[in-house]
Amino acid sequence: EEGWRLHKDGSQFWANVVITALRDNDGSLLGFSKVTRNLTEKKLADDRLKQAYADLEHRVQVRTKELSLAKQTAEAAVRARDEFFSVASHELRTPLAALRLQAQIRLRSLDKGRLTDFSPDKLSALFLDDERQVRRLTVLVENMMDVAKLTSGNLQLDPENFDLAELVRDTVKRLEGLLEQSGNRVNLALQASVVGHWDRHRLEQVLSNLLSNAGKYAPGSLVDVTLSASGEQAVLEVRDFGRGIAPANQERIFVPFERIKDANTTSGLGLGLYITKQIVETHGGSISVHSELGQGSRFTIRLPIAPVFTAGEKK
């Protein structure tokens, strides 16, 4: 048998013990012989080897899981990328096709001498439609360029001191036409003045994205925009009363190349909120969403008033 034994001094050793019965020629038992061998070093070596095998097996299992997860993540990213390019090509093709068709119709009218097709009212409508399609193309291209900058870490800020309340009023006024088309009315509740050190263009882009989303996903809804200063932070909220966002999708809306699909999906690249989040976080701020299905959505942005930037600042 093998087992732990004790030396006379009380120390332990791993013993291999062989006990043999001793008999005479007639088979009568004469006694026993006992041989004890100290195999402590071999025992410890065997234990270390077993532990090494166990550790190796555990590491292999962990690494296998990591590789499996990485494979799934990579496959999901490839699917998302392919879907993004498919959607992007469709979104770019649509306004281009409309512009090309309009140009062809006008050329045919000119070739046939039908100048009555170009009355002032008709021309005004045509130019407005052209401007709308060009604006759509511009937004799509700018979003794709912003994503390229963000993924390469090249997004730069051009900060200055300005009044955020004034920027909010100007941005809402600029988007009045777009919001009227979607039947939205904006209610402003702004602190008289909230001055901070931010990138004016990028924060205008943030607010434009949130208001445009309200127009897309909550048409006909009232949109509440509030702004206040809380301690060392500016707090900007945009709330609509549309269909809301399912809990499972409230984190996904900020992920690039993710488009939430439901029965009421609106076309687009699905990059606006991702870009918005990155701009806010580059300012050292945060954005969160609170939403209930059928009750609308509230986006809350918190920005440090003092200059704090987590990415390159343009000097």
Side-chain angles (χ1 to χ4, degrees), residues 84 88 91-92 131-132 134-179 186 188 190-216 223 225-238 253-257 268-289 299-315:
F84 166 75
E91 290 295 320
L92 290 169
E131 196 275 334
R132 184 168 59 252
V134 170
R135 185 171 65 244
R136 183 176 175 185
L137 278 170
T138 301
V139 170
L140 291 170
V141 172
E142 286 180 349
N143 279 348
M144 287 189 288
M145 290 177 65
D146 281 342
V147 169
K149 291 177 183 177
L150 288 166
T151 53
S152 63
N154 290 326
L155 180 69
Q156 287 189 327
L157 299 179
D158 189 9
E160 59 181 301
N161 289 325
F162 66 90
D163 185 356
L164 187 55
E166 179 183 343
L167 176 70
V168 172
R169 286 190 289 268
D170 290 345
T171 304
V172 170
K173 185 174 181 61
R174 180 174 59 81
L175 295 176
E176 273 182 355
L178 179 66
L179 294 168
V186 178
L188 296 178
L190 311 179
Q191 185 170 314
S193 178
V194 180
V195 177
H197 191 70
W198 307 295
D199 186 314
R200 181 189 296 270
H201 169 70
R202 289 300 181 182
L203 290 193
E204 181 180 355
Q205 184 180 359
V206 164
L207 182 57
S208 296
N209 282 342
L210 294 180
L211 292 174
S212 297
N213 272 1
K216 288 179 183 178
V223 180
V225 179
T226 63
L227 174 67
S228 61
S230 176
E232 298 299 318
Q233 289 186 325
V235 182
L236 174 65
E237 289 191 346
V238 177
I253 60 175
F254 296 108
V255 177
F257 310 130
L269 297 180
L271 293 174
L273 287 175
Y274 165 69
I275 294 171
T276 295
K277 184 173 188 289
Q278 297 303 310
I279 291 173
V280 170
E281 290 183 349
T282 302
H283 278 84
S286 65
I287 181 171
S288 60
V289 60
F299 290 88
T300 302
I301 294 172
R302 299 180 182 275
L303 294 166
I305 292 175
V308 177
F309 302 104
T310 60
E313 177 180 342
K314 184 177 178 182
K315 301 296 184 184

Looking only at non-hydrogen atoms, find the nearest pair between [X] and [Y] and report the distance.
X	Y	value
Asn209	Gly272	ND2-O, 3.3 Å
Ala214	Val223	CB-CG2, 3.8 Å
Gly231	Ile305	O-CD1, 4.3 Å
Trp198	Pro304	NE1-O, 2.9 Å
Ser193	Ala165	CA-CB, 4.4 Å

Minimum side-chain heavy-atom gap [X]-[Y] below 4.5 Å:
X	Y	result
Leu303	Leu236	no
Leu188	Arg169	yes
Val186	Leu175	no
His283	Leu203	yes
Phe299	Leu273	yes

Atom [atom1] of [X] and atom [atom2] of [Y]: how far apart are they, to the nearest 0.5 Å?
X	Y	atom1	atom2	answer
Ile275	Phe254	CD1	CZ	13.0 Å
Arg202	Gln156	CZ	CD	10.0 Å
Ser228	Leu190	OG	CG	10.0 Å
Lys216	Leu211	NZ	CG	12.5 Å

> What's the verdict on side-chain contact (heavy atoms from CB on, under 4.5 Å) for Val206 and Ile287, showing C-alpha distance, side-chain angles and the deciding distance?
Replying inline: CA-CA 11 Å; Val206 164; Ile287 181 171; 5.8 Å; no
> In a check of side-chain contact (heavy atoms from CB on, under 4.5 Å) between Arg174 and each of Leu178, Asp170, Thr171, which one passes?
Replying inline: Thr171
>> Pair Val225, Val168 - check side-chain contact (heavy atoms from CB on, under 4.5 Å), show working.
In response: CA-CA 9 Å; Val225 179; Val168 172; 3.8 Å; yes
> Does atom CD of Glu232 have more than 12 heavy-atom neighbours, drawn from other residues, nucleotides or ligands, at distances under 6.0 Å?
Replying inline: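 At most 12 heavy atoms, drawn from other residues, nucleotides or ligands, come within 6.0 Å of this atom.
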>> So does Val194 get a backbone contact from the side chain of Asp163, meaning a donor-acceptor N/O pair under 3.5 Å?
In response: yes
> Does Gln191 use its side chain to pair, donor to acceptor, with the backbone of Ala229 at less than 3.5 Å?
Replying inline: yes
>> Under a 3.5 Å cutoff, is there a donor and acceptor pairing between the side chains of Arg302 and Ser230?
In response: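 Side chains of Arg302 and Ser230: no pair found under 3.5 Å.
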> Is there a side-chain contact (heavy atoms from CB on, under 4.5 Å) between His201 and Asp158 once you walk through the steps?
Replying inline: CA-CA 8 Å; His201 169 70; Asp158 189 9; over 6 Å; no
